[in-house]
Amino acid sequence: MKNVAVIGAGTMGNGIAHTFAQSGFNVQLIDISEASLKRGMDTIAKNLDRMVAREKISEADKAETLGNITTFTSITDGVKNVDLVVEAATENVELKLNIFKQLDEACLAETILASNTSSISITQIAAVTKRPEKVIGMHFMNPVPIMKLVEIIRGYSTSDEVTNTIMELSKKLGKTPTEVNDYPGFVANRILMPMLNEAIETLYNGVAGVEEIDTVMKLGMAHPMGPLQLADFIGLDICLSILNVMYDGFKNPKYAPCPLLVNMVRAGKLGVKSGEGFYDYSESRKAEHVSKQFSK
């Protein structure tokens, strides 16, 4: 396996492309927007510059990594003759199903189709293809070049051969693959999202303020980042989407998103990406100032 296509040049997509390219794979990065592709490649270059500055890699390594990536605005052109496709588009069911229908038609019969979805059913995605045994989940963690975990999600029909291939491939990327079964939220988000939602509920109910909640979890539970800051970092729209998938999938009220989260997403307060969430990021991407809405 040498040739890999990545669908989506956003935060996760460019991180996945970076990781494969740095590991010596030929990467075909695909996005419908030239502007998104440019932003994605600029992000990869900046992240490589940081690694050079820290003497983690050389300038030659950086040049080789960037040289391993080719960009495309067409799925059909971008997936020609690849061994693996990793879809990293927005966490939207209909969008992903449409992409996988296109991939099934455009890819070679032996190509493995993977999704970086953080919550959507791999079985559901696989069902729109004629190769369900070759569809699998590869849930990378953000930031992809740094985080070691990859959740490997087996759909109902995913074959042992494909699962073993992707497990070994993940190790070649320097990652630690962990196999899980296909249920809403898998493992990481099934545990993480209710915690973030409960932190938002705690704020919503007036138990404590933003900084106080995050301080308790950082100092009391040794979390590197407080839950409200982490929600901002992930994106409140993504958190809401994952909670809705779990709520719909399990029909259990414990996964129902907090009304405050729903309202913030409706208002466009999505966290770091929009410049404001529980914290104000207008001056810095660091969570140094609580948003005015939650200031005392």
Side-chain angles (χ1 to χ4, degrees), residues 1-10 12-13 16-17 19-20 25-32 70-140 144 150-170 173 175 177-189 238 241-242 244-246 248-249:
M1 187 173 288
K2 190 66 178 174
N3 301 312
V4 177
V6 178
I7 309 288
M12 296 304 294
I16 293 167
T19 300
F20 273 102
F25 290 83
N26 299 317
V27 179
Q28 298 178 187
L29 181 60
I30 305 164
D31 201 293
I32 58 171
T70 308
T71 59
F72 294 84
T73 54
S74 162
I75 285 181
T76 303
D77 293 338
V79 300
K80 284 180 180 176
N81 302 316
V82 298
D83 306 299
L84 169 70
V85 179
V86 182
E87 170 274 317
T90 303
E91 194 74 350
N92 176 283
V93 175
E94 294 307 317
L95 175 63
K96 289 185 186 293
L97 297 184
N98 183 50
I99 288 172
F100 272 79
K101 287 177 186 176
Q102 294 180 61
L103 292 176
D104 193 42
E105 294 294 327
C107 291
L108 298 172
E110 60 268 26
T111 302
I112 295 172
L113 307 181
S115 177
N116 181 59
T117 180
S118 54
S119 61
I120 296 168
S121 169
I122 298 302
T123 302
Q124 182 180 7
I125 291 171
V128 302
T129 75
K130 298 181 182 70
R131 62 182 90 194
E133 76 285 353
K134 289 186 170 66
V135 179
I136 194 165
M138 290 185 79
H139 180 208
F140 291 84
V144 180
V150 183
E151 268 190 311
I152 306 299
I153 304 104
R154 291 188 65 141
Y156 188 86
S157 300
T158 307
S159 70
D160 290 341
E161 180 184 1
V162 166
T163 302
N164 292 335
T165 297
I166 296 303
M167 292 286 282
E168 290 305 311
L169 173 68
S170 299
L173 297 175
K175 304 302 184 186
T178 302
E179 183 182 337
V180 305
N181 289 319
D182 186 22
Y183 291 96
F186 316 131
V187 172
N189 281 318
I238 300 299
S241 175
I242 295 169
N244 280 331
V245 167
M246 292 196 294
D248 290 342

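It should be emphasised that the depicted structure is a prediction, and the values quoted were computed from it without experimental measurement.
- For Asn181 against Phe186, the heavy-atom pair with the smallest separation is O-CD2, 4.2 Å.
- For Asp77, the side-chain contact (heavy atoms from CB on, under 4.5 Å) test picks out Phe72, Ser74, Lys80, with sequence neighbours left out.
- For Phe100, there are no ring-ring contact (aromatic ring centres under 6.0 Å, His included) partners, not counting sequence neighbours.
- Every residue two or more places apart in sequence or in another chain was checked for a ring-ring contact (aromatic ring centres under 6.0 Å, His included) with Phe140, and none qualifies.
- Note: Ile120 CD1 to Met246 CE = 12.5 Å, rounded to the nearest 0.5 Å.
- Heavy atoms only, all atoms of each residue included: Asn81 and Leu108 are closest at CA-CD1, 3.8 Å.
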Going through the checks in order, is the side-chain contact (heavy atoms from CB on, under 4.5 Å) test met by Arg154 and Val135?
CA-CA 8 Å; Arg154 291 188 65 141; Val135 179; over 6 Å; no
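- One distance of note links CD1 of Ile125 with CD1 of Ile136; it measures 12.0 Å at 0.5 Å rounding.
- For the side chain to side chain donor-acceptor pair (under 3.5 Å) test, residues two or more places apart in sequence or in another chain that qualify with Thr123 are Asp182.
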Might you work through the side-chain contact (heavy atoms from CB on, under 4.5 Å) test for Val4 and Val82, ending with a clear yes or no?
CA-CA 5 Å; Val4 177; Val82 298; over 6 Å; no
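- With a 4.5 Å cut-off on side-chain heavy atoms, Ile7 and Val86 do not count as touching.
- A donor-acceptor pair under 3.5 Å is absent between the side-chain atoms of Glu151 and the main chain of Thr178, judged by distance alone.
- For Arg131, the salt bridge (charged side-chain N to carboxylate O under 4.0 Å, His left out) partners at least two apart in sequence or on another chain are Asp104.
- Side chains of His139 and Ile153 form a contact here, defined as non-hydrogen atoms less than 4.5 Å apart.
- Counting all heavy atoms, side chain and backbone alike, Gly78 lies closest to Ala5 at O-CB, 3.8 Å.
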Criterion side-chain contact (heavy atoms from CB on, under 4.5 Å) on Ser115 and Ile122, from CA distance to verdict:
CA-CA 8 Å; Ser115 177; Ile122 298 302; 4.2 Å; yes
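- Pairs passing the salt bridge (charged side-chain N to carboxylate O under 4.0 Å, His left out) check and including a residue from residues 84-93, sequence neighbours excluded, read Glu87-Lys96, Glu91-Lys96.
- Nearest approach of Ser118 to Asn189, heavy atoms of both residues: O-ND2, 3.0 Å.
- With rounding to the nearest 0.5 Å, the separation of CD1 in Ile238 from OG in Ser119 is 9.0 Å.
- Remark: Asn92 engages Glu94, Leu95 in a side-chain contact (heavy atoms from CB on, under 4.5 Å) (not counting sequence neighbours).
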Run Ile166 and Met138 through side-chain contact (heavy atoms from CB on, under 4.5 Å) and show every step you take.
CA-CA 8 Å; Ile166 296 303; Met138 290 185 79; 3.6 Å; yes
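- Applying side-chain contact (heavy atoms from CB on, under 4.5 Å) to Val85 and the options Ile99, Val79, Ile30, Val6 leaves one that passes, Val79.
- Between Leu84 and Met1 the shortest side-chain heavy-atom distance falls below 4.5 Å.
- Side-chain atoms of Asp83 come within 3.5 Å of backbone N or O of Lys2 as a donor-acceptor pair.
- By the side chain to side chain donor-acceptor pair (under 3.5 Å) test, Asn26 is found to be paired with Asn3, residues two or more places apart in sequence or in another chain being considered.
- You'll find the side chain of Thr158 stays beyond 4.5 Å of the side chain of Pro132, heavy atoms only.
- Applying the side chain to side chain donor-acceptor pair (under 3.5 Å) criterion to Lys130, with sequence neighbours excluded, gives Glu105.
- Every residue meeting the side chain to side chain donor-acceptor pair (under 3.5 Å) condition with Glu168, not counting sequence neighbours, appears here in chain and number order: Lys171.
- What you find for Ser170 and Ile152 is that their closest heavy atoms are OG-CD1, 3.7 Å.
- Residues forming a side-chain contact (heavy atoms from CB on, under 4.5 Å) with Ile32 (at least two apart in sequence, or on another chain): none.
- The nearest pair of heavy atoms linking Leu29 to Gly13 is CD1-O, 4.2 Å.
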